[in-house]
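Structure, as structure tokens:
Keep in mind it's a predicted model, so treat the numbers as computed, not measured.
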Amino acid sequence: MTEPASEADLEIVARQLGRPPRGVLGIAYRTPDGQPAVVRTAPRLPDGTPFPTLYYLTDPRLTAEASRQEATGVMKSMTERLGTDAELAAAYRAAHESYLAERDAIESLGTDFSGGGMPERVKCLHVLMAHALAKGPGVNPLGDEAVALAADNGLRGTAVPADWPKFVELHQGKDSDE
């Protein structure tokens, strides 16, 4: 649930980003230690520029972890699984459609681009993690996995909720090479 962003929140987000935030509609996720970590942004920036990224990851611990995962090939493995796991592909498509519906309810950009590569591939774990953290587990399966990897990599209880499912729990009964 998005909460209004206070001036203090916006100052923290500006420090996190290294620049003033643009188009912030509110704070969509706070870390267990209280820091704003995901902002919900307007589909158009104040200058009118389209900005299709509804949920934007700001916490440096999480952005560094998303970049680390991207560098280790997690996105390639996830994209390959989309081509072989029909259940995963359907859940990822549903996440994409939910993302679009939520953004279009604010303002339609007249595009079916959502972000992160949804629904056909995995292009940006930052977007997928932001979406998963903003909505909670069970909405974006690949975002959930990336957040679980972050939690399992030392961010549980600080940047990621202590009760976020573990990566192995998300794969119970499934084979995984990640």
The criterion is side chain to side chain donor-acceptor pair (under 3.5 Å); which residues satisfy it with [X], sequence neighbours excluded?
X	result
Ser6	Asp9
Asp112	none
Ser67	His126
Thr53	none

Problem set entry | Set of residues satisfying salt bridge (charged side-chain N to carboxylate O under 4.0 Å, His left out) with respect to Glu97, sequence neighbours excluded |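 For Glu97, no residue satisfies salt bridge (charged side-chain N to carboxylate O under 4.0 Å, His left out) once neighbours in sequence are set aside.
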Problem set entry | Residues forming a salt bridge (charged side-chain N to carboxylate O under 4.0 Å, His left out) with Lys76, sequence neighbours excluded |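 If we apply the salt bridge (charged side-chain N to carboxylate O under 4.0 Å, His left out) test to Lys76, skipping adjacent residues, the hits are Glu80.
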Determine all donor-acceptor pairs shorter than 3.5 Å in which one atom belongs to a side chain in residues 151-159; sequence neighbours excluded.
from	atom 1	to	atom 2	distance (Å)
Asp152	OD1	Arg156	NH2	2.8
Asp152	OD2	Phe167	N	3.1
Asn153	ND2	Glu65	OE1	2.8
Arg156	NH1	Ala162	O	3.2
Arg156	NH1	Trp164	O	2.5
Thr158	OG1	Leu155	O	3.2

For a 4.5 angstrom cut-off between non-hydrogen side-chain atoms, does [X] reach [Y]?
X	Y	answer
Leu57	Leu125	no
Thr58	Thr63	no
Met118	Leu128	yes

Exercise. For Glu169, does the CD atom have more than 12 heavy-atom neighbours from other residues, nucleotides or ligands under 6.0 Å away?
Worked result: yes
Exercise. Short question: side chain of Arg103, backbone of Pro52 - any donor-acceptor pair under 3.5 Å?
Worked result: yes
For this session: Hey, could you give me each pair passing salt bridge (Lys or Arg N to Asp or Glu O under 4.0 Å) that has a residue in residues 114-126? Not counting sequence neighbours.
Result: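 Those involving residues 114-126 are Arg93-Glu120.
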Exercise. Taking only residues at least two apart or on different chains, which pairs with a member in residues 46-63 satisfy salt bridge (Lys or Arg N to Asp or Glu O under 4.0 Å)?
Worked result: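 Salt bridge (Lys or Arg N to Asp or Glu O under 4.0 Å) check on residues 46-63 returns Asp33-Arg61, Asp59-Arg61.
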Problem set entry | Residues clustering with Val24 (ILVMFWY side chains joined when closer than 4.5 Å, directly or via others) |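 Val24 shares its hydrophobic cluster with Leu10, Val13, Leu17, Ile27, Val39, Leu45, Phe51, Tyr56.
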Problem set entry | Whichever hydrophobic residues join Val139 through chains of side-chain contacts under 4.5 Å | none
With clusters defined by side-chain heavy atoms of hydrophobic residues (ILVMFWY) lying less than 4.5 Å apart, directly or transitively, does [Y] cluster with [X]?
X	Y	answer
Tyr55	Met75	yes
Leu62	Met78	yes
Leu100	Leu109	no
Tyr99	Ile106	yes

For this session: Can you tell me which residue pairs pass the side chain to side chain donor-acceptor pair (under 3.5 Å) test with a partner in residues 135-144, sequence neighbours excluded?
Result: Glu102-Lys135, His131-Asn140
Exercise. Looking only at heavy atoms, what is the nearest atom pair of Met129 and Ala66, with distance?
Worked result: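 The pair with the smallest heavy-atom distance is SD-CB, 3.6 Å.
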